[in-house]
Number of protein chains: 2
Amino acid sequence: MLEQTFKALADENRLRIINLLFHGEFCVCELEVFLGLSQSNLSRHLGKLKTSGIITAEKDGQWVHYMISEVFKSENVLLFEYLQKKMRKDQVFEKDIERMQNYKKSKLSCSVIRENKEQVLEIINQEESHAKGK
Amino acid sequence: MLEQTFKALADENRLRIINLLFHGEFCVCELEVFLGLSQSNLSRHLGKLKTSGIITAEKDGQWVHYMISEVFKSENVLLFEYLQKKMRKDQVFEKDIERMQNYKKSKLSCSVIRENKEQVLEIINQEESHAKGK
DNA sequence: TGAGTATATGAGAATATGATCATATAGAAA
DNA sequence: TTTCTATATGATCATATTCTCATATACTCA
């Protein structure tokens, strides 16, 4: 069981998914643009996380929303605290959150993504104007 | 980095090694009988745990003593607490500890193991007389 | 020195994993 | 109904992982 949990966590793409789900629920097409992964690849990673019990899925019409499993969370409190702490210190994970927040701020919606992927990518990848003024 | 840590933990044999090292320092031949792994296989697992920074090794003559890395421990407190908590609830890990304690109680030493492996195995595998009176 | 012991490592086989392409399914919209 | 869209999955390839056997290294003891 412990082994299965760690196997599920032993992949950067899956860790990036979990990091995003710490900040909300998302459907596959949203995660796709946040992470730059192909639909098929992403779907498989979500499948593994679901099989291992770390995340759950809720169908909403043709969309599927993924979220952290409350059951798993309550049974693995220390692990989640550890993950959140470590992820906050890592550029890769922070960048993903930034993209996700740009997406939310811009009031973009799930259905726009496919039609205007180029434009959506440009919007979510824009630098924070004041942050990191290098 | 996080990914590397989880990769190192994503194997039952390595988790069993870590579980034992939570309770002391041991050399390869001791871990060998506690876990029933071949010398070569065990050595490789120890190598991976060492490469990932989770454990360290100290040479003592022809023996090598392995132990949890204090540096890693201090940088991953929550993870270690999580591991210890989960391991205490798992039969497999508890059994390993029992074998290790039988070994210590019997005042067996590292050098006896090779000569009398059969006998050592018998001693460390004996049931606790009062515990689990099934 | 030479023999013996503890551990590490190269090479190979078996299996597992991750990514991709094409296709299937299921729901939405027309 | 047909068409379109979101997600899942079969098949495949490339790579990674685990284990084993044989051998190498490094230390000890005579």
Side-chain angles (χ1 to χ4, degrees), chain A residues 3-18 21 25-52 54-67 108-117 120, chain B residues 3-18 21 25-52 54-67 108-117 120:
Chain A
E3 185 191 2
Q4 296 316 310
T5 299
F6 287 131
K7 270 203 199 318
L9 296 174
D11 178 276
E12 174 162 44
N13 287 329
R14 290 196 289 272
L15 288 172
R16 288 173 73 195
I17 292 169
I18 291 171
L21 295 186
E25 305 180 10
F26 302 100
C27 69
V28 182
C29 67
E30 288 172 328
L31 294 170
E32 216 176 308
V33 289
F34 298 159
L35 299 173
L37 296 180
S38 75
Q39 181 271 318
S40 147
N41 192 12
L42 184 54
S43 181
R44 280 184 206 282
H45 283 304
L46 290 167
K48 289 199 182 179
L49 287 171
K50 201 172 139 199
T51 300
S52 74
I54 298 176
I55 67 176
T56 59
E58 266 177 28
K59 214 157 188 180
D60 169 25
Q62 43 187 340
W63 285 277
V64 179
H65 288 270
Y66 283 93
M67 63 210 76
L108 291 166
S109 82
C110 207
S111 49
V112 183
I113 292 179
R114 291 288 170 117
E115 297 162 23
N116 290 8
K117 197 154 186 177
V120 172
Chain B
E3 185 192 2
Q4 295 317 309
T5 299
F6 288 131
K7 269 203 200 318
L9 296 175
D11 178 275
E12 175 163 42
N13 288 329
R14 290 196 289 273
L15 287 173
R16 289 173 73 195
I17 291 169
I18 291 171
L21 296 186
E25 308 179 10
F26 301 100
C27 69
V28 181
C29 65
E30 288 171 328
L31 294 169
E32 216 176 308
V33 290
F34 299 160
L35 299 172
L37 296 178
S38 74
Q39 181 271 316
S40 145
N41 191 13
L42 183 55
S43 181
R44 280 185 206 285
H45 283 303
L46 289 167
K48 290 200 179 176
L49 287 171
K50 200 173 140 198
T51 299
S52 73
I54 298 176
I55 66 175
T56 59
E58 266 177 30
K59 212 157 189 181
D60 169 25
Q62 45 186 338
W63 286 277
V64 179
H65 288 269
Y66 283 93
M67 62 210 78
L108 292 165
S109 84
C110 210
S111 48
V112 183
I113 293 179
R114 291 289 170 117
E115 297 163 23
N116 290 6
K117 199 154 186 176
V120 171

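By convention in this document, chain letters (A, B, ...) are assigned in the order of the sequence lines, proteins followed by strands, and residues within each chain are numbered from 1. Please read these numbers as outputs of a predicted model, since none were measured by experiment.
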Hey, is A/Lys7 close enough to A/Glu3 for a salt bridge, meaning N to O under 4.0 Å?
yes
What is the distance, to the nearest angstrom, from the CD atom on A/Gln62 to the P atom on D/dT3?
17 Å
Using a 4.0 Å heavy-atom cut-off across all strands, classify B/Lys7 as base, sugar-phosphate, or nothing.
sugar-phosphate
Please state whether the phosphate of D/dT17, meaning OP1 or OP2, lies under 4.0 angstrom from any side-chain nitrogen or oxygen of B/His45.
no
I want to check one thing: is the phosphate of D/dG10, taken as OP1 and OP2, less than 4.0 Å away from some side-chain N or O of A/Arg44?
no
Given that B/Ala10 and A/Trp63 both sit by DNA chain D, which one's nearest nucleotide is further toward the 5' end?
A/Trp63
Whole-Å distance, A/Leu46 CG to C/dA19 P, equals 12 Å
Is B/Tyr66 near enough to C/dA6 that one of its side-chain N or O atoms lies under 4.0 angstrom from OP1 or OP2?
no
Provide, to the nearest angstrom, the distance between the CZ atom belonging to A/Phe26 and the P atom belonging to D/dA6.
17 Å
Please check: side-chain N/O of A/Thr51 versus main-chain N/O of A/Gly47, any donor-acceptor pairing under 3.5 Å?
yes
What integer distance in Å separates B/Ile113:CD1 from C/dA6:P?
9 Å
Take the protein atom CG of A/Asp11 and the nucleotide atom P of C/dG18, then report the distance between them rounded to whole Å.
5 Å
Given D/dT7, is OP1 or OP2 found less than 4.0 Å from the side-chain N or O atoms of A/Ser43?
no
Heavy-atom donor-acceptor pair, A/Gln39 side-chain to D/dA6 base, under 3.5 Å:
no
Ring centres under 6.0 angstrom apart (A/Phe26, A/Tyr66)
no
Tell me what A/Lys48 touches on the nucleic acid: a base, only sugar-phosphate, or nothing, going by heavy atoms under 4.0 Å.
sugar-phosphate
5'-most contact on DNA chain C (nearest-nucleotide basis), A/Asp60 vs A/Leu37, goes to A/Leu37
Between D/dG10, C/dT9, C/dA26, which nucleotide has the shortest distance from any of its atoms to the side chain of A/Ser40?
D/dG10
Does the B/Arg14 side chain pair with the main chain of B/Ala8, one donor and one acceptor, at a distance under 3.5 Å?
yes
Please name the pair of heavy atoms, one in A/Glu32 and one in A/Leu37, separated by the smallest distance, quoted to 0.1 Å.
CG-O, 3.1 Å
What is the distance, rounded to the nearest whole Å, between atom CG of A/Leu35 and atom C1' of D/dT7?
16 Å
Send over the distance from A/Asn13 CG to C/dT17 P, rounded to a whole Å.
16 Å
Could you tell me whether the phosphate oxygens of C/dC21, OP1 or OP2, come under 4.0 Å of any side-chain nitrogen or oxygen in A/Asn41?
no
Roughly, in whole Å, what's the span from NE2 in A/His65 to P in D/dA6?
12 Å
